[in-house]
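Everything below concerns the one structure shown next.
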Amino acid sequence: MSKLLDLRKQLDNKEISSVELTKGYLKTISEKNDKLNAFITVTEELALKGAEEADRRIAEGETAPLLGIPLAIKDNICIKNERTTCASKILENFKPTYNATVIEKLNMDGAVYLGKTNMDEFAMGGSSQTTYFNKPVNPYGKNCVPGGSSGGSAIAVAADMCPAALGSDTGGSVRQPAAFCGVTGMKPTYGTVSRYGLVAFASSLDQIGPIAESAEDCGLILNAISGKDAHDQTSRNVKIDFNGLVGQDIKGLKIGIPKEFFGEGIDEEVKDAVMKAVDFYRNAGCEIIEVSMPTLKYAVSAYYLLACAEASSNLARFDGVRYGFRADGAETYEELIRMTRSQGFGEEVKRRILLGTYALSSGYYDAYYKKALAVRQQFKREYNEIFEKCDVMLTPTAPTVAYKINENVDDPVKMYLADICTVTANIGGVPAINTTCGFNKDGMPIGLSLTAKQFDDARAIQFADFFEKNFKK
Amino acid sequence: MNYDVVVGLEIHAELSTNTKAFCTCSADFGADPNTHICPVCTGQPGALPIINHGAVEYAIRAGLTFDCDINRYTKFERKNYFYPDLPKAYQISQLDLPICVNGKVELSTGTVVRINNIHLEEDAGKLFHDDFYGQSLADYNRCSVPLIEIVTEPDMHSAEEAVEFVSKIGLYLKYLNVCDAKMQEGSIRADVNISIKEKGSEKLGNRTEIKNLNSFRSIQRAIEYEVKRQSEILDNGGTVVQETRKFDDTMGTTSSMRSKENANDYRYFPEPDIMSIVFTEEDIEEARRNIPLLPHQRVDKYINEYGLTDEDARVLTLEKYLSDFYDETVAIYPQYKNVSNLFQTEIMRRVKDTEEEVVPISAEGFAKVCEMTDKNIVNRNDAKTIIRIMFEEGGEPEEIAKANNFIVVEDAGETEKFIEELLDSNPDLVKQYFDGKTNMFGFFMGQTNRALRGKATPTLVRECLEKALDKRKP
């Protein structure tokens, strides 16, 4: 079941070398990427160099969970001297001078990087269609979106262009594309993985997370990339063994079902598939209880206020002065930044910067940003209450399956509302994992989410792993 | 008409920490452009700030010194604005819960200036405009160097009070070892709020804010100019426009920068990358322990423990580096009064007008000179020459004294011989002495000292002279 453990065994037993493995994935990428557009940049040279180094280390008898394993990295995570675009024109040719902490940690393990994956521009979107580059496509076909913003990473795993990938999740950007592409994706507790080197969208919500074929593989990657980081003050000094509960019995554990997540707007087929999973857990001996998150109706508004406000500040540094795209023909500094930002950012990014700027403006701060902060506190209280009653909370990951490319694009509010099932985990800072629980009549995957309390990430993985290993789809 | 002047200040003081406020780059002044930079202080995508706890401790020290309350819970905010010297396009600062609040400082006029708050923030870079090539160049070395901003209430009533306040704050920050307070290097800068109101009136007038004044002289002149300008407006029945103005150092005038309507909206919001800080009593006690003796405490010590006069104590503490040098010297050679005298006459006058704020000789060396003078190993005039040579050429005092034949070698035989000859050749003067003209003793002393310079101490000369005269007693 665990792809990464299987590859580990093959590598350690010298059944396959990391170079062979890497070349295999590079070949698949070269065959499929033109159609799927999962990758913005394929880092072939870096990958082969890493694989050779990994083979040397393996030959010397070294082993580590990810040694020699090829991975895909979302294009908002900095790899030194490799193009990191955030899928934006404004960073089209930007090469970071340093490695993100997650990359440093993966380097210690000896992981290999196949390339940088496509995404919504600056991670703003749920379809990966706001990318400045070629539009990524759901590998299940039907001309559907892969979800977003980590759409490229989800496609890459689903289409076997890599065994696992890193994404980032600000409001569902790992879990929702994982759901749309039928793979597993996890947003860990805020603060467990360092954000240093992740190009910030909304600092208080952003968290790097893995996308893989299984919950156990997500846990393996999280074990490698998590931990307190001296470069990120918001990283927490809590040691978690993410796979620590894998294989332990879930009998007698409690699953909370928040009724608000099954209301209006949730597709019937999605609801049915998720409820079948609930039945499965009940039959496995779990106690199913109803819980409530009454504030859910404010979740999307609060989320977009907080996220856009922080984004308006985080993205202000892209002014064309020090790096990235610079517009031609400006006469003054004001003109330079106006022209650079007008030409360099896409529509969705501009919309969110404007929303956030407005929400923080003098005279509006109390009505918008401050109120959103109060709602955030309320969510934390409601999560606390829920996890006093149950071990995990089970919900759909998205209201629908993957929708058609070009659907929803003219109605940003409708797009924003589709984030209803995922944003609360970011607002509350709690861990949540998506795994596939079924398919609709068109064969499109349906995802369920398991959310646990802060730092109880291993519990969410335990439940997802149990489902993956025992549910007959 | 007569007006009351109302002045408030915002003083920006660069902290003298080794590293910057939010990264580990050196915070030193004067390096080659863009050599003290990293992904964090140049706002590279993905980089995150890490708070320098040393800077926080410095801010607490300043707060305790100026009678502030220390907020037990403090947090940071982002102040958003675009400028090419500000790489992140926001400055990490504090708004809601600054580290220090509610302080006060008393001036020599008796005025008590209330401090609203002292908060920690980061400095911006520097721009150089090259008119010849039509380019602007940015140096980010200063970016993210920690600053404290000391914000007063509008409690000062004249340019002189404002200058005294800035000068006193600078002096105390230097004594605290938290800021070198060199105005010419921009490590202290002030924004000045000025308004005037009818004499005795309670109602404050519209104020103007003059930004970025970096010398005592410009603070003085800017306030004087503004008072004159605002008085003329009110005298003519006009209204002062509430606005930000800039001061032209060459012209000595102020001019409008932006009015209230065009004021920046900084869109402050809590900095999500930096966790709020909760101070324990121990944190605050540690900062308190790090506060060295302050100027007024050193004055007390000099008077009460060292027995110096009020005036000597005052003069010695006017500059921290001088007071430090004096302290170092008396720690080696604890003759407080004598050291003070030689220090004031020979050291202070030599460094008075220098900018470096260092005494270029060692305290050990100076202590040695004081000791040699006191013990008559060299005479006082030669001691001055030794110090001059140490300043100009360097070297150890004993070696300088030897090389220049300043060491007094006592030779009693030669002294007696000289005195005998002196008295023998002046019998009438000897007679006058015995006839009651006792000041002749001084004359003989002087003659001998001059002639036997470097060979006899005044004590020896006195002894021999008394003996020789005794023999001739009629």
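Throughout, protein chains are lettered first and strands after them, A, B, ... in sequence-line order, and every chain is numbered starting at 1.
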- Any chance you could lay out the side-chain hydrogen bond (donor to acceptor under 3.5 Å, both in side chains) test for N80(B) and S313(A), step after step, and finish with the verdict? CA-CA 7 Å; N80(B) 295 284; S313(A) 172; 2.8 Å; yes
Would you say [atom1] of [X] has more than 12 non-hydrogen atoms from neighbouring residues, nucleotides or ligands within 6.0 angstrom?
| X | atom1 | answer |
| --- | --- | --- |
| K371(A) | NZ | no |
| R341(A) | CZ | yes |
| K89(A) | NZ | yes |
| Y368(A) | OH | no |
| D130(B) | CG | yes |
| K380(A) | NZ | yes |
| Y364(A) | OH | no |
| N18(B) | CG | no |

Compare all side-chain heavy atoms of [X] with those of [Y] and state whether any distance is below 4.5 angstrom.
| X | Y | value |
| --- | --- | --- |
| F269(B) | K370(A) | no |
| I50(B) | Y196(A) | no |
| P45(B) | F318(A) | yes |
| P39(B) | H231(A) | no |
| S136(B) | Y333(A) | no |
| P49(B) | Q233(A) | no |
| R322(A) | Y140(B) | yes |

- For D273(B) and S203(A), which heavy atoms make the closest approach, and how far apart are they?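 Where D273(B) meets S203(A) most closely, the heavy atoms are OD1-CB, 3.2 Å.
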- Item | C78(A) SG to Q44(B) CD distance, which is reported to the nearest 0.5 Å |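 CD of Q44(B) is found 8.5 Å from SG of C78(A).
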- From OG1 (T234(A)) to CG (L48(B)), nearest 0.5 Å: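 Separation between the atoms: 6.5 Å.
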- Query: R267(B) and S361(A): side-chain contact (heavy atoms from CB on, under 4.5 Å), yes or no, with the steps?
  - Reply: CA-CA 5 Å; R267(B) 290 172 284 117; S361(A) 297; 4.3 Å; yes
- Task: For Y90(B) and R317(A), test the side chains for any donor-to-acceptor distance below 3.5 angstrom and give the result as yes or no.
- Result: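 Yes, R317(A) and Y90(B) have a side-chain donor paired with an acceptor closer than 3.5 Å.
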Would you mind checking which part of [X] comes under 4.5 Å of any heavy atom in chain B, side chain (CB onward), backbone (N, CA, C, O), both or neither?
| X | answer |
| --- | --- |
| T97(A) | side chain |
| I337(A) | side chain |
| T357(A) | both |

- Query: Who among P87(B), P270(B), A47(B) has the most heavy-atom pairs with chain A under 4.5 Å?
  - Reply: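 Of P87(B), P270(B), A47(B), P87(B) has the most heavy-atom pairs under 4.5 Å with chain A.
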Residue, of [options], that accumulates the most heavy atom pairs under 4.5 Å with chain B:
| options | answer |
| --- | --- |
| A230(A), A359(A), G363(A) | A230(A) |
| T101(A), N314(A), D206(A) | N314(A) |
| P96(A), C86(A), S204(A), G197(A) | G197(A) |

